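The block underneath contains the structure these notes are about, expressed in structure tokens.
For ligands, and for the atoms within them, numbers begin at 1 and follow the listed sequence. These numbers come from a predicted model, not from an experiment.
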Amino acid sequence: LQKEEVEVTFVRANGERITAKGKVGDSLLDVVVNNHIDFDGFGACEGTLTCSTCHLIFAKPDFDKLPDKPSDEELDMLDLAFDLTETSRLGCQICLSKDMNGLEVKVPATVNDARS
Ligand code: FES
């Protein structure tokens, strides 16, 4: 890994694991898009906080370490997400930092596009 690179593993509902690299400052949505990872419907609003399809589920310790608390707009969108959990966030709102290297996040089985 280069200095600015962070490795993230996405775990699909069927158990499939996809490890991808992003750069510090990229959002988790950027990592999915830039690595051409095909999650059906994921990131439909391209990070404009209007769809909830970029919903990801964190392990509790990772969730607690996230630097930024969700904004009201993110919380409103999360309410509409499929399979919401206590450790859910929207991937387009989470930016990579160096200490997130090795992070694992779960990708819910499907998406709810809040726009439809
Ligand atoms: Fe639509 Fe994150 S990509 S809310």
Under the side-chain hydrogen bond (donor to acceptor under 3.5 Å, both in side chains) test, residues paired with Lys60 that sit two or more places apart: Asp64
Other cluster members, Ile57 - Ile/Leu/Val/Met/Phe/Trp/Tyr, side-chain contacts below 4.5 Å: none
Distance-only donor-acceptor pairs under 3.5 Å for side chains of residues 38-47, two or more places apart:
none

ILVMFWY cluster, Leu80 and Val107 together (side-chain gap under 4.5 Å): no
Within-2.8 Å protein N/O/S contacts of atom 2 (Fe) of ligand 1: Cys54 SG, Cys92 SG
Atom of Arg89, atom of Asp68 and distance for their closest heavy-atom approach: NH1-O, 2.9 Å
Where Lys21 and Val31 come nearest, the two heavy atoms and their spacing: O-CG1, 4.0 Å
